Amino acid sequence: MMKKKAFRIALSLLLCLPLLFSAAVCASAKQITAGDITIESIDFQREDFIRGMDVSSLISLENAGVKYFDEKGRETDLLKLLAQNGVNYIRVRVWNDPYDEEGRGYGGGSCDVNTACEIGRRAAKYGMKLLVDFHYSDFWADPSKQKAPKAWENGSVKEKEDALYDFTFSSLKDIRDAGADIGMVQIGNETTSGIAGVSDFADMAKLFQAGSRAVRAFDRNILVAIHFTNPDRTDTMKWYADCLDEYSVDYDVFAASYYPFWHGSLTNLNEVLSYAAQEYGKLTMVAETSYPYTLADSDGHPNTVNQWNNSTGDDLLWDFTPQGQAEEIRAVMNAVNNVSDAKGLGVFYWEGAWISVGDTTGLPGDEYDAQVERNSALWEQYGCGWAASYAGEFDPDDAGKYYGGCAVDNQTFFDAGGKALPSLKAFMAVQGFTRSYYLGDADTDGTVSVLDATAIQKHLASLIRLSDEGALAADVEESGQEINILCATYIQKYLAVLETGCPVGALRFV
Ligand code: CA
């Protein structure tokens with residue numbers, strides 16, 4: 001591993017040499033150590049580059065008692081913590097009706113319009129936009145499953161078009177009314193083999209178009225994305241881009257999944273996305289990626305990538321550590337950033353907070369079994385595993401047989417107890433930052449409160465001395481001057497929701 005890394009650094013230096021006097025391509029990228037990880041920053045071509053995360057299962061996990069903690073062990077709102085670490089966009093999946101007749105959730109977060117409303121509202125509170133990922137199914141839609149929602153099951157393509165339009169429009173209205181800042185909408189999820197039970201591309205295009213029309217009618221500023229898997233199948237991916245053009249589907253973003261253990265090399269990923277950018281002028285992105293920080297399981301449900309199944313892509317191999325995970329995110333973002341014509345819009349990490357509901361790590365036989373049983377009860381009750389038994393009516397062959405817990409708890413940014421891993425800092429390190437703070441947080445406890453005004457007053461009276469970090473945060477006018485009593489006054493005004501004329505409470509990165 002070390003050898004490979006050293007080789008890569010040497011190679012990147014070599015590649016930079018001809019550019020030394022001609023371009024700033026390499027000049028601004030530098031090694032950044034943030035906490036316990038070190039990665040190279042990225043010279044982003046787009047100011048609006050998305051460093052996103054899918055947290056669809058969040059509400060079900062919280063309902064089951066899961067809590068999140070920052071790297072210092074302080075309990076916090078997950079969405080706040082993500083924003084503080086440089087995540088700028090949140091993705092949520094929406095299923096039409098993931099419930100049985102008795103109202104019991106199918107699991108996998110039992111994600112519906114309501115969960116999207118709640119996650120979107122909280123994301124907006126911390127300044128993050130929302131990507132709404134419509135599956136147009138009642139449960140998982142992926143390359144092997146694109147089953148129509150129960151309510152649409154027997155409809156014709158035309159009837160599905162109308163239903164899809166209405167569902168899209170009304171859902172977006174609900175989600176925005178809840179307070180979310182919707183920036184993008186996915187018309188279908190991993191629609192490699194179909195969408196809503198339709199698999200002929202001419203019919204698929206009609207449904208894509210119906211969804212797109214609904215988004216356009218709702219708000220012209222929202223981006224429309226179409227999402228396929230397997231960028232490793234280069235020609236097939238290009239064929240999708242050609243078909244979308246042939247059928248005149250109106251969309252903005254050509255999206256791919258990129259799981260390095262399945263989906264080939266980053267060079268190939270870049271080629272596929274660049275094709276859609278060059279041929280059709282589309283924005284491109286990776287809608288899903290993830291990588292394990294460990295091969296161990298922590299909830300008693302087998303993980304997708306584990307000791308027995310951990311092959312990685314063609315020419316890539318990162319360690320299964322938080323450092324390796326940080327390198328993976330950095331590498332995928334870099335590949336997207338390098339898409340032709342600056343058409344690489346960004347990357348979403350998939351379910352980066354879907355942690356164990358009860359840690360099974362290292363438990364001996366009986367205790368392990370008892371913990372798994374407790375976890376199973378939570379998965380059933382709150383829908384926080386990949387599937388509950390109640391999903392069997394909709395998906396008998398898979399969920400009906402293999403329902404259970406989480407298969408990606410080893411690919412999150414949190415340990416089994418919910419504490420942030422060092423790799424979460426990758427989202428700020430790629431931007432060249434090592435930490436963040438809120439303007440006004442003079443006592444550096446992570447929030448702006450009356451205690452900060454008091455700390456400034458005491459500092460000015462020489463009763464205490466603010467830390468260097470605290471003094472920087474206390475300078476709410478960002479004047480670079482010595483702090484004065486006005487800083488405390490502005491904080492008090494901010495807390496009383498009065499106009500201050502300066503950005504108290506704003507998140508800053510350094
Ligand atoms: Ca697991």
Side-chain angles (χ1 to χ4, degrees), residues 53-69 78 93 98 105-111 139-140 142 144 257 259-262 288-312 318-322 324-325 328 349-392 395 398-421 423-424:
M53 196 183 296
D54 189 311
V55 296
S56 297
S57 60
L58 175 62
I59 307 299
S60 68
L61 290 164
E62 289 177 339
N63 289 343
V66 165
K67 292 177 168 42
Y68 296 93
F69 304 87
L78 172 75
R93 62 178 164 273
Y106 285 173
S110 298
C111 301
F139 206 40
W140 298 106
D142 59 34
S144 64
S257 292
Y259 292 105
F261 29 89
W262 297 326
E288 296 183 12
T289 188
S290 68
Y291 199 76
Y293 71 89
T294 174
L295 292 178
D297 170 56
S298 62
D299 75 343
H301 181 89
N303 290 336
T304 315
V305 182
N306 53 51
Q307 298 93 305
W308 305 279
N309 176 16
N310 59 33
S311 63
T312 56
W318 301 284
D319 290 343
F320 299 120
T321 60
Q325 195 185 23
E328 192 266 354
Y349 195 94
W350 192 69
E351 285 281 15
W354 195 352
I355 59 174
S356 172
V357 290
D359 192 3
T360 57
T361 310
L363 295 178
D366 285 356
E367 286 177 44
Y368 177 88
D369 294 343
Q371 185 61 52
V372 175
E373 203 167 308
R374 285 193 291 275
N375 290 354
S376 301
L378 293 171
W379 299 331
E380 287 288 279
Q381 184 177 353
Y382 297 104
C384 48
W386 87 269
S389 63
Y390 314 119
D395 178 19
D398 194 4
K401 288 179 186 157
Y402 309 110
Y403 62 88
C406 178
V408 293
D409 46 76
N410 61 333
Q411 302 197 43
T412 62
F413 293 94
F414 298 87
D415 68 18
K419 188 179 170 195
L421 296 172
S423 42
L424 187 55

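Note that ligands are numbered from 1 as they come in the structure, with each ligand's atoms numbered from 1 the same way. As the structure is a computational prediction, the values presented were derived from the model and not from experiment.
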Write the atom name of the N, O or S atom in [X] that is nearest the Ca ion (ligand 1).
X	value
D409	OD2
D299	OD1
D297	OD1
H301	O

[X] side chain to [Y] main-chain N or O, any donor-acceptor pair under 3.5 Å?
X	Y	answer
R93	G109	no
Y403	G107	no
W354	W386	no

Inset, instruction - Check whether any N, O or S atom of S356 sits under 3.0 Å from the Ca ion (ligand 1). - result: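 No - counting backbone and side chain alike, S356 has no N, O or S atom under 3.0 Å.
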Establish, from distance only, whether the side-chain atoms of E351 and S290 form a donor-acceptor pair under 3.5 Å.
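There is no such pair (donor and acceptor under 3.5 Å, judged by atom type) between the side chains of E351 and S290.
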Please check if any side-chain donor atom of Y259 sits under 3.5 Å from a side-chain acceptor atom of Q411, or the reverse.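 No pair is found: no donor N or O on one side chain lies under 3.5 Å from an acceptor on the other.
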